[in-house]
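I have placed the structure first, in the form of structure tokens, so that the comments after it can refer back to it.
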Number of protein chains: 2
Amino acid sequence: MKEQAEPAGTADQRREQMLRAALDVIAERGYAETRIADVAERAGTSPALVIYYFKTKDQLLTEAIRYSEDSWYEGGTARMAAIETAAGRLAEIVAMSCFPEADADRSSSLLWLDLWSQAARHPGVASVRQKFDERWRDTISALVLAGQADGEFGPVDAADFAVTLSALLDGLSIQIALGDPVVDAARAFELCMRFVTGQLGFEWEPPARRQVPGPG
Amino acid sequence: MKEQAEPAGTADQRREQMLRAALDVIAERGYAETRIADVAERAGTSPALVIYYFKTKDQLLTEAIRYSEDSWYEGGTARMAAIETAAGRLAEIVAMSCFPEADADRSSSLLWLDLWSQAARHPGVASVRQKFDERWRDTISALVLAGQADGEFGPVDAADFAVTLSALLDGLSIQIALGDPVVDAARAFELCMRFVTGQLGFEWEPPARRQVPGPG
DNA sequence: AGGGACTGACTGAATGTTCAGTCTAGGAAC
DNA sequence: GTTCCTAGACTGAACATTCAGTCAGTCCCT
């Protein structure tokens, strides 16, 4: 038995280890600049083994992105399930996009920029994004319908609202990810919540559990 | 004398010709996959000449992006100058983002995806984006103030509105650029105008000059 | 003649992928 | 219990290609 950095474990663990390593490197160097050798080094193995698990570099990176998006989404929905009101869950959705560093996988927003630009040319990445966006909009839409059924929200077209809100969140994420001096996470959150409450016609007070920027 | 595709002309013309060629290639292959040889071929010259004009590949691509953004912005503002009402000018702003193909430089929205992802790592590109966004938000903000002075628009914080609208436009541009089946240009335009009119409190009727999708 | 525009032929480094094996665990045969 | 065998995990060393950037020199205009 040889002692590696990690006990190596099963093949599935190895795969996941490599996916995480790939995400680390993508966050640091960007999708296009990520080399197999980097991923291998980060995972404590050789480039050959990386190719052994994922046939090509493209496949590795595409799977890594899917992995990241899935765990980001799952983490969020798990957190949402613990919230009582539809308004609170909607606030959580907005917070997920505005405060990415609060998540287990930090720097998901930087990853999105690469996801979008790669989706333009790589069909594999495009389908990841497509499914991800669809799921995301469906989540918002279902949440609106639930809130309307409860009488929390006013009447708006749920599908239209979902498209608009997700676009707004994407746009704000860009500014946050790129560190725009005018649009930091706190302001993005506030502006977004203002839009949401205005559209759906409800008042929102911070649940005092999650830290929210004080009044300006 | 050998006949090239173009008579070559002055050095400045050559530069611009190369910048245009670079934009063509970036649109086709993406920023990261763009090779000097591609640009040279498209411009009808040799790779060596491209390096002769732009010292490095980075410089070529960065300048190309700046060139594209500038001409997109200038084209838009020129068109806006011909519009009487603030509401009409605001509609033009929204249209600029939603119908990029109508512009001289098509496919500017695909370029944005690369711009954002490259801005995350390349300081040169980052500053292009930074200045571009600032100018864009200032334009919106000034327009809102003008409309308020004319009594066309209701009272909203111009700066907040500019941040929100520009983010919304960015987000919708992503969907349009990537050909999302749920969000085409017409729907994006309609949703965006609904947001704008709702926030600023004015009615908007298509000026009948620019083609706008008829009612559903 | 001289200088700027321009080129073909190179080079050197980077890097994805292949390949020919090595090592280990575990099961079957005896 | 020992031996043999196999499949899968894993590796070091190469291979093949791609591509940015260099250079020595040519052509043309003034």
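In what follows, every chain begins at residue 1, and chains take the letters A, B, ... in the order their sequences are listed. Just the heavy atoms: all of them, side chains too, but no hydrogens, waters or symmetry mates, feed the values below.
When the nucleotides dT17(C), dT18(C), dC6(C) are ranked by their closest atom to the side chain of A48(A), dT18(C) comes out on top. Checking dA20(D), dT7(C), dG12(D) against the side-chain heavy atoms of T45(B) singles out dT7(C) as nearest. Looking at the side chain of Y53(A), the nearest of the listed nucleotides dG12(D), dT7(C), dA9(D) is dA9(D). In the set dT11(D), dT17(C), dC6(C), the nucleotide with an atom closest to the side chain of L49(A) is dT11(D).
If you measure from atom CG of D58(B) to atom P of dC19(D), you get 16 Å, rounded to the nearest angstrom. If you measure from atom CZ of R35(A) to atom C1' of dA14(C), you get 8 Å, rounded to the nearest angstrom. If you measure from atom CZ of R15(A) to atom P of dC10(D), you get 12 Å, rounded to the nearest angstrom. In this structure, CD of E33(B) is placed 8 Å from P of dC19(D), rounded to the nearest angstrom. Regarding Y52(A), its OH atom lies at a distance of 19 Å from the C1' atom of dA13(D), rounded to whole Å. The distance between atom CG of L61(B) and atom P of dC19(D), rounded to the nearest whole Å, is 13 Å. Following rounding to the nearest Å, I51(B) (CD1) and dC6(C) (P) show an atom-to-atom distance of 15 Å. Between the CZ atom of R29(B) and the C1' atom of dC19(D) there is a distance of 11 Å, given to the nearest Å.
In summary, the side chains of R14(B) and Q17(B) do present a donor paired with an acceptor at a separation below 3.5 Å, with no hydrogens or angles considered.
Formation of a donor-acceptor pair under 3.5 Å by the T77(A) side chain with backbone atoms of E74(A) is found in this model. In this structure, the side chain of R89(A) engages the main chain of E84(A) through a donor-acceptor pair within 3.5 Å.
Using a 4.0 Å heavy-atom distance criterion, F54(A) is classed as making no nucleic acid contact.
Side chains of D138(B) and R135(B) form no contact here, defined as non-hydrogen atoms less than 4.5 Å apart.
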